Amino acid sequence: MLARLRALFRFQESGLLLVILALGVLLTAFAGTVRTPVFERAADGSRTRVFTANAEGERVPLLAEKNKFLNAQNLAQLAKDTSFIAVMAVGMAVVIIAGGIDLTVGSIYALASVVGALVLHRYGPEGLIPSVSPALGIVLGAGACLGVAALCGLATGGLIVALRVHPFIITLGGMAIYRGIAFVITKGQSVGAFPAAFRDFVRFEVGDGLSFVPLATMIVVLIVGWIFLSRLAAGRRVYAIGGNELAARFSGIRVERVKLGVYLISGLCAGIAALLSLGYYGAATSGDGQGYELNVIAAAVVGGASLTGGRGSALGVVLGALIIQMISSGIVILGIDQNYSQIIIGSVVIAAVVLDNLNTWLAKRRLTAAAH
Amino acid sequence: MPFLKFTSITKRFPGVLALDGVSFSVERGTCHALIGENGAGKSTLGKILAGVYSADSGQLFLDGQPIAPSSPLAARELGIAMVHQELAFCPNLSVAENLCLGDLPRRAGGFVDRPALRARARAMLATVGADIDPDTIIGTLSTGREQLVQIAAAVGTGARIIVMDEPTSSLSAAETADLFRLIRELKARGLTLIYVSHRMEELFALCDNITVLRDGHHIATEPIPSTTPARVVTQMIGRELRAQTPAHLTRDLGPIRLAAENLASPGAFTDINLVVHAGEIVGLAGIVGAGRSAVVQALFGLDPAVTGQVRVNDRPLALGSIDSALAAGLGLVPEDRKRQGLVLGLNCRENTALAALPLLTRLGLVRRTAERALAERYAKRLRLKTPSIEAITAGLSGGNQQKIALAKWLARDCDVLLVDEPTRGVDVGAKAEIYQLLDELACEGKALLVVSSELPELIGLCRRILVMREGTLVGELPPASFSGAALMQLMAGLPAA
Ligand SMILES: Nc1ncnc2c1ncn2[C@@H]1O[C@H](COP(=O)(O)OP(=O)(O)OP(=O)(O)O)[C@@H](O)[C@H]1O
Ligand SMILES: [Mg+2]
């Protein structure tokens with residue numbers, strides 16, 4: 001039992017779990033309580049408030065006292081917010097492990113969102129094509145959203161490989177270009193009015209307001225990312241290229257092809273997040289996802305992906321995304337001025353990397369002591 | 001009183017005890033040899049003396065005073081310097097800038113005082129008689145010249161003790177001779193040298209005393225005149241080493257596996273014609289810079305500018321593409337294990353499997369048990385010294401890294417294996433093991449083209465030796481006329497005696 005516990009804490013991401021646990025405890029302790037109305041779920045799935053009579057016999061809503069952080073609604077909200085960042089962070093991790101960087105994810109998210117939104121709008125209640133088959137509309141919209149995202153990723157990767165320019169430069173340019181395209185095709189207008197079924201599907205809730213689809217998507221992306229990175233030959237090639245590109249080339253690895261692939265993956269992940277947002281929010285504008293690239297890179301780095309390449313894991317970056325999101329929502333819950341949030345998140349990124357180095361050093365010491 | 005004394009030096013690394021209570025002393029003004037198997041702890045000992053690592057326990061004495069160099073700078077102040085085998089300089093800066101990097105001469109306002117910088121560098125270079133322009137960019141120097149700059153940096157800053165870690169492993173014969181001349185001169189000036197090498201003949205020609213380490217233990221320290229190479233080998237590996245004649249030499253040759261015609265690459269080599277048969281090991285000799293590595297790299301598809309015809313197994317090979325080289329059954333063990341051979345951040349298992357990944361993959365998934373078995377097999381076969389095959393290769397000793405760089409291509413099972421300096425930095429025991437492995441490959445009907453700067457290696461292993469000079473093939477020796485002298489003459493372009 002103890003040995004198994006120890007084994008659990010020896011695995012790489014245990015440090016992140018500890019941080020999450022500590023954050024959770026701190027937030028719960030300092031969050032204080034709120035009184036919120038109690039809901040009840042009717043047979044048809046709709047939620048209604050519960051009323052009761054007070055001393056004077058008036059009908060008043062029933063209120064319950066809850067911890068501001070540790071309550072079902074807030075946790076459900078946290079799970080949803082994390083899903084969006086985490087899905088993109090898994091893609092980013094793949095790029096970073098390959099020794100690259102992708103600043104385009106926020107812009108791809110916006111461009112994929114608005115293209116998907118335009119298609120969905122045509123098949124929606126206000127669209128030109130009467131919504132004979134919402135299912136067809138949804139499939140086409142989703143296809144457009146993911147397709148555009150994948151194309152953008154491919155274009156980024158293609159430019160990096162063909163021009164042999166540092167990915168930072170190419171993706172910095174791509175970030176402006178993709179968002180610009182999104183702005184041009186929507187003229188800055190918000191696009192909404194999608195088939196209702198789409199929104200219903202993505203917003204489908206289980207338990208006390210937990211949106212199932214974003215969470216499930218994140219878990220699927222995590223599992224696929226984990227298998228890709230740790231079990232597939234393709235994933236091994238990603239680590240090899242990030243660790244030593246020349247040696248990878250000498251080993252017969254098609255470096256260009258792998259690089260193309262990692263940016264494709266990152267773009268696709270941004271597309272998946274965009275699709276979730278379309279369903280969840282029911283509208284898109286070219287300004288969506290502004291600054292996401294930094295949050296996503298932060299999540300990846302906090303989650304242990306090394307910017308020098310060759311190191312990182314899918315589970316790590318998902319936990320990293322959770323940490324970033326816990327902090328953002330903690331700032332709201334604790335009632336800290338929003339203006340501080342950037343400062344706090346920035347500090348956390350630096351602290352996390354320092355802690356990670358410390359952890360590696362400690363693990364090394366443990367091993368050293370174990371030798372004879 | 002001994003000049004320099006190590007007492008009970010112990011050093012641990014994750015999973016290994018690199019040095020275990022090592023004690024011996026070094027006399028002033030001598031050249032002291034340090035030898036031992038790969039991973040025996042030689043480099044670690046040198047690095048402790050030079051302040052790169054600090055010992056976990058034990059004490060160093062210099063002139064009877066206890067010293068504890070805590071950094072390379074502190075060691076430098078005590079008069080101790082190390083000439084590293086790996087890059088120790090910034091390749092993008094000039095010789096002068098590198099030499100004075102720790103203390104750039106400055107004028108008011110923080111501007112670098114260029115004339116003073118140059119003058120100081122020139123003075124340092126003069127201490128070792130090096131004729132190198134201080135404005136040369138380090139990256140453009142040959143390994144030998146760069147090493148000379150490293151020695152100049154040591155001697156020029158008043159070093160009394162210089163640790164040299166395998167200084168000759170990437171030098172040409174002429175450069176090696178120059179280095180030996182310099183070492184003798186330094187010794188005459190009263191400097192003390194600690195000389196790490198796997199080349200027995202060098203140690204016996206150059207050194208006064210020899211210390212043998214095995215598995216982190218001190219085995220013996222003896223004056224060179226009172227020991228023999230065979231005795232040292234036995235002390236090193238704990239058993240006797242018997243030289244064997246390779247079995248492939250007596251077998252019949254198979255069909256031609258590799259044939260190159262009129263191979264040329266602008267600025268590197270011209271007019272290369274060679275064939276290698278199944279079951280044959282052909283050596284490629286030449287001095288450093290003769291173009292040997294360029295030829296094997298071009299055959300492996302790494303040179304886009306190469307022209308000519310190459311046939312592998314009687315099928316034409318598309319030049320300039322690693323993909324087609326691999327598909328045709330070619331493999332290349334590159335000369336520079338750190339840059340070209342290994343991904344140092346990956347572990348031994350992953351590195352061993354890297355080139356063979358397509359063979360270890362089913363439906364895109366790496367077959368983990370097969371992969372582990374493969375890595376275990378080669379680790380055992382090549383006597384790899386590592387805490388486990390899951391250890392990161394960056395922590396392995398140089399020779400053990402070389403074994404993995406080789407294992408990785410042995411695992412790929414190529415028809416034609418191009419091998420560039422297969423035993424650089426490998427100890428005698430493992431060398432014998434590698435020769436035997438290459439011999440077995442030849443007996444299985446593979447074709448091998450081996451580039452090496454160690455002539456005894458080529459003479460012992462090959463059926464034919466081709467000699468390159470200045471980018472062209474200048475001769476071929478059949479086994480009957482194998483001799484160090486004959487090879488040297490061809491390599492250097494001297495008329496036959
Ligand atoms: N930085 C390090 N981290 C972890 N292990 C190390 C490190 N440096 C050395 N070791 C280990 O310490 C042992 C001694 O290594 P060292 O480099 O001193 O060997 P060596 O005698 O110089 O071998 P070689 O002849 O191959 O150069 C080896 O087992 C090696 O794996
Ligand atoms: Mg060494």
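From a predicted model like this one, the values you see are computed outputs, not experimental measurements. Proteins come first, then strands; the chains are lettered A, B, ... in the order of their sequence lines, and each starts at number 1. The basis for the numbers below is simple: all heavy atoms, side chains too, and nothing from hydrogens, waters or symmetry mates.
In this structure, B:Ala268 and B:Ala294 approach most closely via the heavy-atom pair CB-CB, 4.1 Å. B:Leu382 and B:Ala407 make their closest contact through CD1-CB, 3.9 Å (heavy atoms, listed as atom of the first residue, atom of the second, distance).
Without hydrogens or angle criteria, B:Ser397 side chain to B:Gly39 main chain gives a donor-acceptor distance under 3.5 Å. Between the side chain of B:Arg337 and the main chain of B:Gln401, no donor-acceptor pair closer than 3.5 Å is present. Between the side chain of A:Glu293 and the backbone N or O of A:Asp102 there is no donor-acceptor pair closer than 3.5 Å. When atom types are taken as modelled, the side chain of B:Thr423 and the backbone of B:Val426 share no donor-acceptor pair closer than 3.5 angstrom. A donor-acceptor distance shorter than 3.5 angstrom exists from the side chain of B:Asp336 to the backbone of B:Lys338, with no hydrogens or angles considered. At least one donor-acceptor pair closer than 3.5 Å links the side chain of B:Thr10 to the backbone N or O of B:Gly21.
At a heavy-atom separation below 4.5 angstrom, chain A is approached by B:Arg339, B:Gln340, B:Gly341, B:Leu342, B:Val343, B:Leu346, B:Arg349, B:Glu350 within residues 339-352 of chain B. Contact annotation for residues 156-173 of chain A against chain B (heavy-atom separation below 4.5 Å): no residues qualify. The contact list for residues 248-257 of chain A toward chain B, using heavy atoms and a distance under 4.5 Å, reads A:Arg249, A:Phe250, A:Ser251, A:Gly252, A:Ile253, A:Arg254 by residue number.
For the atom pair B:Leu396 CG and B:Asn38 CG, the distance stands at 9.5 Å (nearest 0.5 Å). In this structure, A:Arg311 CZ and A:Ile97 CD1 are separated by 10.0 Å, a value rounded to the nearest 0.5 Å. Atom CG of B:Leu330 sits about 7.5 Å away from atom SG of B:Cys414, to the nearest 0.5 Å.
Of the atoms belonging to B:Arg367, not a single heavy atom falls under 4.5 Å from chain A.
In terms of heavy-atom pairs under 4.5 Å with chain A, the best-connected choice from B:Leu354, B:Thr361, B:Leu360 is B:Leu354. Put simply, of B:Ile322, B:Asp323, B:Leu302, the one with the most heavy-atom pairs under 4.5 Å next to chain A is B:Asp323. Looking only at heavy-atom pairs under 4.5 Å with chain B, the residue among A:Gly310, A:Ala240, A:Gly243, A:Ser306 that has the most is A:Ala240.
Between B:Lys446 and B:Asp413, at least one side-chain N (NZ, or NE/NH1/NH2) sits under 4.0 Å from a carboxylate O, which counts as a salt bridge.
With A:Tyr263 as the aromatic partner, A:Lys259 does not meet the cation-pi criteria of under 6.0 angstrom to the ring centre and within 45 degrees of the ring axis.
Looking only at side-chain heavy atoms (C-beta outward), B:Arg292 and B:Glu421 come within less than 4.5 Å of each other.
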Identify each donor-acceptor pair in which a side-chain atom of residues 223-233 of chain A lies under 3.5 Å from a protein atom, sequence neighbours left out, and give them as a table.
unit_1	atom_1	unit_2	atom_2	d
A:Ser230	OG	A:Trp226	O	2.8

